[in-house]
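Only one structure is covered here, and it is reproduced in the block below.
Note that the structure is predicted; figures quoted are calculated from it, not measured.
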Amino acid sequence: MSLIRCPECRKVISNKAISCPICGCILVKQSILKTTGKYILNFISKLFFVVLIPLTTIVYNNVSKDMRLLNDINNILIGENQQYVKECFGDPIFKSFNKKYKIEENVINNKYAIIRTYYKNEKLVGFFITAKQDNQKIRIQEQFEDLCQNKPLGEFSFTDIEIAPKSINAYISQGISHQFYCEEYYFGSDGHYYNFYFMYLDYGFNKLTGSSNNCYKNDKELKETKISEDTKRSGVNIDRKTSYPNTYGIVDDTDGIYDMISSYIEYDLEAFR
């Protein structure tokens with residue numbers, strides 16, 4: 001048995017006493033409070049180490065993973081090895097091989113974008129990145145950002161692009177709700193010259209504004225632009241000032257890739273959303 005002092009009269013009494021035999025102070029509540037406090041502190045300590053720290057680690061890892069993914073999307077480069085691209089983005093959900101041009105197409109679907117990559121001899125010769133949402137997170141590669149006023153997809157319209165397009169192609173698929181609008185540009189930087197594409201594909205975010213006027217005739221910026229007769233007959237007329245591309249692509253001087261990007265009838269678009 002241990003001795004303690006009564007909290008009221010300060011006389012020495014047994015620690016097992018329910019009340020002080022001298023002043024009558026009830027001691028059970030004090031004991032319960034001390035015991036309960038110890039249990040609460042112990043519980044909080046266990047909760048912190050067993051639940052909160054692992055949960056914080058999971059959240060941190062997920063944020064880091066998302067940041068790495070965005071960084072990889074925004075820094076993909078022509079000439080990358082096919083295996084390296086796979087390590088960055090994972091397995092494709094769709095593959096095809098064009099025998100005529102000997103080009104392999106892979107379609108990758110992730111949280112932020114649908115990425116279509118094109119390989120020749122296991123080297124990346126072209127890619128197209130379609131932003132799923134208008135959240136301004138998909139950026140053009142840094143060395144080419146001045147082409148679109150250093151803005152990400154969703155913040156610049158077709159007329160905000162610094163130079164006039166080399167050509168425009170558009171169509172609406174018969175019987176299938178696929179709308180395709182593509183402006184092709186030729187742009188060089190640091191000795192590397194590529195074909196650039198800014199596009200609207202209907203599995204990305206939609207910031208496309210129709211026009212009642214013939215956009216190809218009335219847009220002065222397009223006076224030197226090649227526009228096919230099929231495009232003029234397609235019925236796709238947009239207001240380029242208020243329409244925003246959801247896709248950009250960079251292609252090395254390789255035949256065949258444009259034919260592959262402009263066709264996606266066989267895709268299940270719901271799998272992309």
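- Judged by distance alone, the side chains of Lys132 and Asn246 never bring a donor and an acceptor atom under 3.5 Å apart.
- No side-chain heavy atom of Cys148 sits less than 4.5 Å from a side-chain heavy atom of Asp160.
- Side chain of Ser167 to main chain of Ile227: no donor-acceptor pair is present (N/O by atom type, distance under 3.5 Å, no hydrogens or angles).
- A donor-acceptor contact closer than 3.5 angstrom links the side chains of Tyr185 and Glu183.
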Test side chain to side chain contact (heavy atoms under 4.5 Å, CB included) applied to Tyr203 and Ile114, step by step: CA-CA 8 Å; Tyr203 50 72; Ile114 293 129; 3.4 Å; yes

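- Expressed to the nearest 0.5 Å, how far CD1 of Ile129 lies from CG of Leu201 amounts to 12.5 Å.
- The two residues Ser157 and Pro245 have their closest heavy-atom pair at C-CD, 4.0 Å.
- Using modelled atom types, one side-chain atom of Arg116 and one backbone atom of Met260 make a donor-acceptor pair closer than 3.5 Å.
- Classification of Lys95 and Glu105 as a salt-bridged pair fails, no side-chain N sitting under 4.0 Å from a carboxylate O.
- Checked by atom type, the side-chain pair Tyr119/Glu104 shows no donor-acceptor distance below 3.5 Å.
- Residues satisfying the ring-ring contact (aromatic ring centres under 6.0 Å, His included) test with Phe156, not counting sequence neighbours, are Phe198.
- Legend: residues meeting ring-ring contact (aromatic ring centres under 6.0 Å, His included) with Phe158, ordered by chain and number and at least two apart, are Tyr181.
- In the displayed structure, Glu142 atom CD is contacted under 6.0 Å by at most 12 heavy atoms of other residues, nucleotides or ligands.
- A distance-only check finds a donor-acceptor pair linking the side chain of Ser243 to the backbone of Asp239 [under 3.5 Å].
- Under the salt bridge (charged side-chain N to carboxylate O under 4.0 Å, His left out) criterion, Glu145 pairs with Arg139, not counting sequence neighbours.
- Tyr248 has its ring centre no less than 6.0 Å from the ring centre of Tyr197.
- In this structure a side-chain-to-backbone donor-acceptor pair under 3.5 Å is present from Asn206 to Leu208.
- Between the CD1 atom of Ile103 and the CG atom of Asn98 there is a distance of 6.5 Å, given to the nearest 0.5 Å.
- In the model, Gln149 has no side-chain atom that pairs as donor or acceptor with a side-chain atom of Glu155 under 3.5 Å.
- Between Leu222 and Ile168, some side-chain heavy-atom pair lies under the 4.5 Å cut-off.
- Residues Asn106 and Gln82 approach most closely at OD1-NE2, 3.7 Å, considering heavy atoms.
- Distance alone, capped at 3.5 Å, places no donor-acceptor pair between the Asn121 side chain and the Lys123 backbone.
- Donor-acceptor pairing under 3.5 Å is recorded for the side chains of Asn71 and Asn75.
- For Asn110 against Ala113, the heavy-atom pair with the smallest separation is OD1-N, 2.9 Å.
- Shortest non-hydrogen contact noted between Gly154 and Lys207 is O-NZ, 2.9 Å.
- Using a 4.5 Å cut-off on side-chain heavy atoms (C-beta onward), Thr247 and Tyr200 make no contact.
- For Asp134 (side chain) and Phe205 (main-chain N/O), no donor-acceptor pair under 3.5 Å exists by modelled atom type.
- Across all their heavy atoms, Glu221 and Ile163 have their closest contact at OE2-O, 4.0 Å.
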